[in-house]
Each structure stands twice: as C-alpha cells, then as structure tokens.
Amino acid sequence: MVTLPFLNPKLTSFDRYVGLNTFFSPATQEGTFSRFYRFKADDRLPGGPITVREEGRIVGQTNIGETRKGGEVEFTLGQDPDVAYTRTVQTVNQARDAKGNVSRTTYKVTYVLESSKTRSVRAEITERVGGRRIVIDSLPQRRTRPLRR
C-alpha cells in the first residue's frame, strides 16, 4: 500500500463562476446556474480527486485528469441554488422565401439573473444552436442592479 501526502499546488489563475450551457429554444425557461471552476497549474499535477472549499466549507469533490505544467483545468460541481435565472425569448423578425416558408428568424433573448450571494459573481452563458449561424447583437451591457455573491 502506498500513501501520498495531500498536495497544495500553486495555481497561476483560479476562476470560480456560475455558468449555464444549454441549447437554444424559443420557449421561456427558468432554473439555477451550475458552479464552474477553471484554473491553470504552475506545476504538473497528478490525476485524481480534488476537494473544493469556499468560505471554509466543502462545496464538492470531483476527479481531474493528469495535468501538464501550465495546463488548464475546467470542471463543474453541480447546481448553485443561490443564483437563478429567467430566460425569455421574443421573435423580432421572420423572413420568408418565394414559397412563403420561413427562411430566417431573428430572436431577442433576455436573461434576468437573481443572486442571493453577498459578493458579486461572474456568470457565463452558452447557448448552442445546432447547425445554424448565430449573429449576436452587441448592444452595450445594461444592468439594473448588480449581481451579488
């Protein structure tokens, strides 16, 4: 039997954020975000279990693969019940072809996020649309109230 000491690796960067990975749908949706973590290791890390703690409490555990020096690791630890969202979709425009069939539709997707955390939190949202081209409107960001973590 071999016993290895716990490692406390130095990390070049460590990001914690909430995230949502979903497929596009024209329907309204509600739910909670997932906890995501991303870091870059200063040294080679062996593969195995890791434990994540925030504010002195264990948030969760997962396994990571062996990581090269400077390699980036990204993982999730389930839902974060403190950060919820409501997603609404409006049809803005529809173009029709010569036969009257819809050939292009433009949607406006709006997310409203609500956080019960005491500190600010960063959120990343990814919507995938299968096999279609997506044009994202780059209007200036508007915030009616800051997200808190």
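Computed from heavy atoms alone, side chains included, the values below leave out hydrogens, waters and symmetry copies.
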Can you give each donor-acceptor pair under 3.5 Å made by side-chain atoms of residues 20-31, sequence neighbours left out, with the distance rounded to 0.1 Å?
residue, atom, partner, partner atom, Å
Asn21, OD1, Thr126, OG1, 3.4
Ser25, OG, Ala27, N, 3.2

- Message: Quick check for you: to the nearest 0.5 Å, what is the distance between Arg16 atom CZ and Asp80 atom CG?
- Response: 10.5 Å
- Message: Clusters formed by hydrophobic residues whose side-chain heavy atoms approach within less than 4.5 Å: which one holds Phe36, and what are its other members?
- Response: Tyr17
- Task: To the nearest 0.5 Å, tell me how far Gln79 CD sits from Ser34 OG.
- Result: 4.0 Å
- Between the CD atom in Gln94 and the CZ atom in Arg96, the distance rounded to the nearest 0.5 Å is 5.5 Å
- Message: Quick check: is Tyr107 connected to Tyr85 through a chain of hydrophobic side chains (ILVMFWY, heavy atoms under 4.5 Å apart)?
- Response: yes
- Any Gln61 side-chain heavy atom under 4.5 Å of Val52 side chain: no
- Quick one: pull up OH in Tyr37 and CD1 in Ile64 and give me the separation to the nearest 0.5 Å. 14.0 Å
- Note on the structure: Closest non-hydrogen contact found for Phe33 with Ala123 is CE2-CB, 4.4 Å
- Thr62 to Leu77 - nearest heavy-atom pair and separation: CB-CD2, 3.9 Å
- If only atom types and distance count, is the side chain of Ser103 paired as donor or acceptor with the main-chain N or O of Asn101 below 3.5 Å? no
- Message: When you compare the side chain of Asn63 with that of Phe75, does any pair of heavy atoms fall below 4.5 Å?
- Response: no
- Query: According to the salt bridge (Lys or Arg N to Asp or Glu O under 4.0 Å) rule, which pairs have a member within residues 65-76, sequence neighbours left out?
  - Reply: Arg38-Glu74, Arg44-Glu66
- Is the backbone of Arg35 close enough, under 3.5 Å, to the side chain of Thr76 for a donor and an acceptor to pair up by distance? yes
- Query: Going by an N to O cut-off under 4.0 Å, is there a salt bridge joining Glu127 and Arg87?
  - Reply: yes
- Message: How long is the straight-line distance from CZ of Arg53 back to CD1 of Ile58, given to the nearest 0.5 Å?
- Response: 4.5 Å
